2 protein chains.
Amino acid sequence: MESTEVTERTPSEASRDIPEATVARLPVYLRALTGLSEAGTATCSSEHLATAAGVNSAMLRKDLSHLGSYGTRGVGYDVEYLRYQIAREIGVTQDWPVVIVGIGNLGHALANFSGFRSRGFRVVALLDADPRRHQEVVAGVDVRPFSDLEAIVHEHGVAIGVISTPAPAAQDVADHMVAAGIRSILNFAPTVLAVPPGVDVRKVDLSIELQILAYHEQRKALGAAAVERPVDGALEGRPA
Amino acid sequence: MESTEVTERTPSEASRDIPEATVARLPVYLRALTGLSEAGTATCSSEHLATAAGVNSAMLRKDLSHLGSYGTRGVGYDVEYLRYQIAREIGVTQDWPVVIVGIGNLGHALANFSGFRSRGFRVVALLDADPRRHQEVVAGVDVRPFSDLEAIVHEHGVAIGVISTPAPAAQDVADHMVAAGIRSILNFAPTVLAVPPGVDVRKVDLSIELQILAYHEQRKALGAAAVERPVDGALEGRPA
DNA sequence: CCGTGTGAATTAATTCACAGCG
DNA sequence: CGCTGTGAATTAATTCACACGG
């Protein structure tokens, strides 16, 4: 089985439709609509919804235009209706069974995260390679051996796997997930995963996010003064 | 104090230099270089490093070209040298003091996450509004009242704050962080934060990531057949 | 009128392809 | 030679600005 190529093409096969940048914002709109709905708002303008979602209204309208024409000119959008349409487009009108591998601190937090359940995902199994964890019950689900992965995937029709192991274990976990038939992986381990074409990987990397903030913070600290790159010099330790 | 405007301009003031997309990849390169370094590799080509970082070599070279000319034609890059240059550019040659607010499951996981310490960040305080948590010591740091925020920020010169509270508390926490002088926020709460200009917010949202995967997964499930949008119909429950 | 939906214009990001240096 | 660094070409994302319909 050839899986040397590092993953490219996050959007796989049949993605010639909604731009990737739009797809990434749809869940944000969905959440904003849920908020408006809970606040009792029946109708909203693109301006209103855009503010709630933290984007500008032109972009919101452009994004929504990829889904269809769900608004009413001169009026705005029906909150419930639009919410349903977006949920359907994303695919969270159904429930997705999810398996989490790696039940350390982060795995615990993920297992207990109520947002999964309420947003279209159901954690059907928690797996860990460490036998000492197999005693535990986390969030009402008992921790099982990693070797149960394939059986669980088949039993529940799991299509999405979450990796919250330490970095060194992540590639092996990913390989087993792919072998078991999982084609979408959310990776919290700070490592680049290689997967065959057709498998989507998204990564959430805490220290990368902090480093991006640090970059901008550093820029701010430089103040309005001398923002330019160090004029020359800075060649400390240049190799021969 | 006017802070109605939802945040735009993630890159603030003095960011007319390296493209945002490049900045977001620099930490990935940094990690890949650390890996190569630990493996004893002294020199690498753009091809080699790009593979390790999960990007293509043209993009890597273009990204690095924004920092300067740190390679040797016909040879490649000196791993240690390039690593230092990127770390310096990001600003992680120094240590950034960080405060974490909200010590629930996720806050625990973050406080214990060793990757922060080893990548240029130092957790100087853990804060929680719930007095019952003030007994605890997490990762060697004791949990203090949220009201200590301003004192801690000033004492340690904290520039970066992490929010891992439930969604309803997040905006209030952000407001206090901004008031205390924090200008970079990493938000794990599933909510859109409004902050004044000059403050950077990055968000990490677990269910959004899963929803993006679900979208693509749904597309795959449709198979090669009928990939087009439902030809018409699908107007279930269209409002009057 | 007012606000959606959308072509056109702009800006950003990525990829190509090769000149030029070590 | 081989690989970097980079202009030029391409593709994607965002913003503008306004025609159009309720």
Side-chain angles (χ1 to χ4, degrees), chain A residues 6-11 15-26 28-29 33 36 41-79 81-82 85-86 212 229 238-240, chain B residues 6-11 15-26 28-29 33 41-79 81-82 85-86 89 212 229 238-240:
Chain A
V6 166
T7 178
E8 283 163 41
R9 303 196 315 143
T10 304
S15 198
R16 290 295 149 261
D17 201 0
I18 300 180
E20 198 49 34
T22 296
V23 169
R25 283 186 294 264
L26 290 180
V28 179
Y29 303 153
L33 286 164
L36 292 177
T41 311
T43 301
C44 67
S45 65
S46 64
E47 194 64 42
H48 188 181
L49 180 53
T51 302
V55 302
N56 83 27
S57 62
M59 193 159 74
L60 172 70
R61 290 200 303 278
K62 177 68 86 180
D63 282 342
L64 294 185
S65 75
H66 295 293
L67 312 195
S69 193
Y70 295 140
T72 308
R73 292 177 191 226
V75 178
Y77 303 92
D78 179 278
V79 170
Y81 178 65
L82 182 58
Q85 293 301 336
I86 293 178
I212 296 169
R229 179 99 39 73
R238 178 84 209 225
Chain B
V6 167
T7 177
E8 283 164 40
R9 301 196 315 143
T10 303
S15 197
R16 291 293 148 264
D17 200 2
I18 300 180
E20 197 49 32
T22 295
V23 170
R25 283 186 296 265
L26 291 179
V28 179
Y29 303 153
L33 285 164
T41 311
T43 301
C44 66
S45 64
S46 64
E47 195 64 43
H48 187 182
L49 179 55
T51 302
V55 301
N56 83 27
S57 61
M59 193 160 74
L60 172 71
R61 289 199 302 278
K62 177 69 85 179
D63 282 343
L64 294 184
S65 76
H66 295 294
L67 313 195
S69 193
Y70 294 140
T72 307
R73 291 176 194 227
V75 178
Y77 302 93
D78 180 277
V79 170
Y81 179 65
L82 182 58
Q85 293 302 334
I86 293 178
E89 190 71 39
I212 295 169
R229 177 102 37 76
R238 177 87 209 223

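Fair warning: this is a prediction, and the values are worked out from it, not measured in the lab.
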Interatomic distance, [X] [atom1] vs [N] [atom2] [rounded to whole Å]:
{"X": "Ile18(A)", "N": "dT6(C)", "atom1": "CD1", "atom2": "P", "result": "14 Å"}
{"X": "Tyr81(A)", "N": "dT4(C)", "atom1": "OH", "atom2": "P", "result": "15 Å"}
{"X": "Leu60(B)", "N": "dT6(D)", "atom1": "CG", "atom2": "P", "result": "14 Å"}
{"X": "His66(A)", "N": "dA13(D)", "atom1": "NE2", "atom2": "P", "result": "9 Å"}
{"X": "Tyr77(A)", "N": "dC2(C)", "atom1": "OH", "atom2": "P", "result": "18 Å"}
{"X": "Arg61(A)", "N": "dG7(C)", "atom1": "CZ", "atom2": "P", "result": "14 Å"}
{"X": "Asp63(B)", "N": "dT6(D)", "atom1": "CG", "atom2": "C1'", "result": "13 Å"}
{"X": "Asp17(B)", "N": "dA13(C)", "atom1": "CG", "atom2": "P", "result": "13 Å"}

Please find the pair of heavy atoms, one from [X] and one from [Y], that lie closest to each other, and give the distance.
{"X": "Tyr29(B)", "Y": "Leu49(B)", "result": "O-CD1, 4.3 Å"}
{"X": "Leu60(B)", "Y": "Ser46(B)", "result": "CD2-O, 3.2 Å"}
{"X": "Leu64(B)", "Y": "Leu82(B)", "result": "CD1-CD2, 3.9 Å"}

From [options], pick the nucleotide closest to the side chain of [X]?
{"X": "Arg25(A)", "options": "dG5(D), dT14(D), dA17(D)", "value": "dT14(D)"}
{"X": "Glu20(A)", "options": "dT15(D), dA13(D), dT4(D)", "value": "dA13(D)"}
{"X": "Met59(B)", "options": "dG3(C), dT15(C), dG5(C)", "value": "dT15(C)"}
{"X": "Lys62(A)", "options": "dT4(C), dT15(D), dT14(C)", "value": "dT15(D)"}
{"X": "Ala21(A)", "options": "dT4(C), dA13(D), dT4(D)", "value": "dA13(D)"}

I want to check one thing: is the phosphate of [N], taken as OP1 and OP2, less than 4.0 Å away from some side-chain N or O of [X]?
{"X": "Thr72(A)", "N": "dG22(D)", "answer": "no"}
{"X": "Asn56(A)", "N": "dT14(D)", "answer": "no"}
{"X": "Ser45(B)", "N": "dC3(D)", "answer": "no"}
{"X": "Ser69(A)", "N": "dG5(C)", "answer": "yes"}

Note: for Gly74(A) and Ala58(A) on DNA chain C, the residue whose nearest nucleotide lies more 5' is Gly74(A)

Can you work out whether Pro19(A) or Glu47(B) has the more 5'-proximal nearest nucleotide on DNA chain D?
Glu47(B)

Using a distance-only test with no angle check, is there a side-chain donor-acceptor pair under 3.5 angstrom linking Thr22(A) and Asp63(A)?
yes

Checking side chain to side chain contact (heavy atoms under 4.5 Å, CB included) for the pair Tyr77(A)/Gln85(A): CA distance, chi angles, key distance, verdict?
CA-CA 11 Å; Tyr77(A) 303 92; Gln85(A) 293 301 336; over 6 Å; no

Ignoring hydrogens and geometry beyond distance, is the side chain of Arg73(A) in donor-acceptor contact with the base of dC2(C) at under 3.5 Å?
no

